[in-house]
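Numbers restart at 1 for each chain; the letters A, B, ... are given by sequence-line order, proteins then strands.
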Protein chains: 2
Amino acid sequence: MAEGEIRHNSPVPVYIQLADLLAEQINAGEIQPDYPIPSEAWLQQRYGVARNTARRAVDLLRERGLVCTIGGRGTFVKGKG
Amino acid sequence: MAEGEIRHNSPVPVYIQLADLLAEQINAGEIQPDYPIPSEAWLQQRYGVARNTARRAVDLLRERGLVCTIGGRGTFVKGKG
DNA sequence: GTACATTTGTTCGTATGTATA
DNA sequence: GTATACATACGAACAAATGTA
């Protein structure tokens with residue numbers, strides 16, 4: 001259970017930990033292309049972070065080209081095409 | 001407690017003010033058991049708050065066991081039983 | 001059966017304030 | 001002063017359930 005958790009007392013910012021964690025799940029194929037990643041509210045609850053922090057993590061995923069976000073809908077794993 | 005209005009510049013969060021205000025109305029019998037409390041849209045207009053804020057207030061009432069919500073129908077004051 | 005309006009449910013977008021390191 | 005992080009709050013859009021005409 002220690003895996004896949006956020007350490008609030010880490011020198012690594014929480015939003016970066018969370019982004020890395022989600023990126024791993026995507027790269028491991030745990031979330032398929034064109035499928036949504038968990039919502040901001042869900043991440044907030046699951047990982048015990050503020051919504052802003054969850055958003056920043058997703059921002060990073062988007063900057064890395066792993067996902068794309070549609071307002072009011074969700075954030076989806078990018079396909080190869 | 002004043003006037004059944006919301007103070008946006010209060011240190012008390014708006015959603016808590018609104019929840020308390022509605023709870024008072026319920027406890028005062030202004031809304032009878034099994035009858036609906038005002039809809040989210042109505043609260044939004046009446047008190048000049050965002051819908052999400054109105055929803056958070058109703059969430060509190062539900063957590064306090066004062067009401068129960070039925071999707072697509074409304075939120076109803078709980079009876080004694 | 002269909003169309004519409006109402007109400008709650010969900011999700012992202014943006015901004016502000018507070019606190020801390 | 002900057003970056004991180006939490007909480008609050010308003011806005012917008014879409015979806016689902018319900019009830020009615």
Side-chain angles (χ1 to χ4, degrees), chain A residues 4-23 25-26 31-78, chain B residues 4-23 25-26 31-78:
Chain A
E5 295 297 340
I6 298 296
R7 304 195 323 274
H8 276 74
N9 51 348
S10 165
V12 180
V14 171
Y15 73 95
I16 294 180
Q17 291 183 56
L18 181 51
D20 289 343
L21 203 150
L22 292 169
Q25 295 179 8
I26 292 171
I31 312 174
Q32 295 292 320
D34 298 327
Y35 279 77
I37 69 172
S39 72
E40 293 168 359
W42 195 92
L43 294 172
Q44 190 178 338
Q45 287 213 357
R46 168 65 180 80
Y47 294 104
V49 300
R51 189 187 156 204
N52 284 345
T53 303
R55 276 184 64 77
R56 292 193 63 178
V58 176
D59 288 343
L60 283 186
L61 297 181
R62 200 161 41 244
E63 288 167 12
R64 293 178 191 171
L66 286 174
V67 299
C68 65
T69 298
I70 305 177
R73 291 285 308 276
T75 295
F76 302 84
V77 176
K78 276 194 180 175
Chain B
E5 294 296 338
I6 299 296
R7 302 192 338 268
H8 277 73
N9 53 346
S10 165
V12 180
V14 171
Y15 73 95
I16 293 180
Q17 291 183 56
L18 181 51
D20 290 343
L21 202 151
L22 292 169
Q25 295 178 10
I26 292 171
I31 311 174
Q32 296 293 320
D34 298 327
Y35 279 76
I37 69 172
S39 71
E40 293 167 0
W42 195 92
L43 294 172
Q44 191 177 337
Q45 287 215 356
R46 167 65 180 81
Y47 295 103
V49 300
R51 189 187 156 203
N52 281 342
T53 303
R55 278 181 65 78
R56 289 195 66 177
V58 176
D59 287 344
L60 283 187
L61 297 181
R62 199 161 41 245
E63 287 167 15
R64 293 178 191 172
L66 287 174
V67 300
C68 66
T69 297
I70 305 176
R73 289 261 310 266
T75 295
F76 302 84
V77 176
K78 276 193 180 174

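Of the listed nucleotides (C/dT7, D/dC6, C/dC12), D/dC6 has the atom at the smallest distance from the side chain of A/T53. Closest to the A/N52 side chain, of the nucleotides C/dT8, C/dT11, D/dT8, is D/dT8. With C/dG9, D/dT8, D/dT4 as the choices, the nucleotide that has an atom nearest any side-chain atom of B/E40 turns out to be C/dG9. Comparing D/dG19, C/dG9, D/dA5 against the side chain of B/R51 picks out C/dG9 as the nearest.
Per the geometry, CD1 belonging to A/I70 stands 15 Å off C1' belonging to C/dT10, to the nearest Å. With rounding to whole Å, B/L43 atom CG is found 16 Å from D/dA9 atom C1'. The CD1-P distance, from B/I6 to D/dA9, rounds to 9 Å in whole Å. Nucleotide D/dA9 holds its C1' atom 13 Å from the CD1 atom of B/I16, rounded to whole Å. As a whole-Å value, the separation of A/R56 CZ from C/dT14 P is 15 Å. Per the geometry, OH belonging to B/Y47 stands 18 Å off C1' belonging to D/dA9, to the nearest Å. Taking atom CZ of residue A/R7 and atom C1' of nucleotide D/dA5, one finds them 17 Å apart after rounding to whole Å. As rounded to whole Å, 20 Å separates atom P of D/dA12 from atom CZ of A/R73.
Across all strands, A/G72 comes closer than 4.0 Å to base atoms (heavy-atom distances). A/V58 comes within 4.0 angstrom of nothing in the nucleic acid, heavy atoms only. Across all strands, A/R55 comes closer than 4.0 Å to base atoms (heavy-atom distances).
Contact annotation: A/H8 reaches the phosphate of D/dC6 (side-chain N/O to OP1 or OP2, under 4.0 Å). In terms of phosphate contacts, A/Y15 brings no side-chain nitrogen or oxygen within less than 4.0 Å of OP1 or OP2 of D/dA5.
C/dT8 is paired with D/dA15 under the Watson-Crick or G-U wobble criterion, all donor-acceptor distances under 3.5 Å.
Side-chain contact between B/L61 and B/T75 is absent, with no heavy atoms from C-beta onward closer than 4.5 Å. Proximity of B/V77 to B/Q32: side-chain heavy atoms (C-beta onward) are nowhere separated by under 4.5 Å. B/L21 is listed as a side-chain neighbour of B/Y47, based on a closest heavy-atom distance under 4.5 Å.
A donor-acceptor distance shorter than 3.5 angstrom exists from the side chain of A/Q17 to the backbone of A/V12, with no hydrogens or angles considered.
Salt-bridge check for A/R56 with A/D59: failed, with every basic side-chain N at 4.0 Å or more from each acidic carboxylate O.
Comparing A/R62 and B/A41 by the nucleotide of DNA chain C whose heavy atom lies nearest to each, the residue mapping closer to the 5' end is B/A41.
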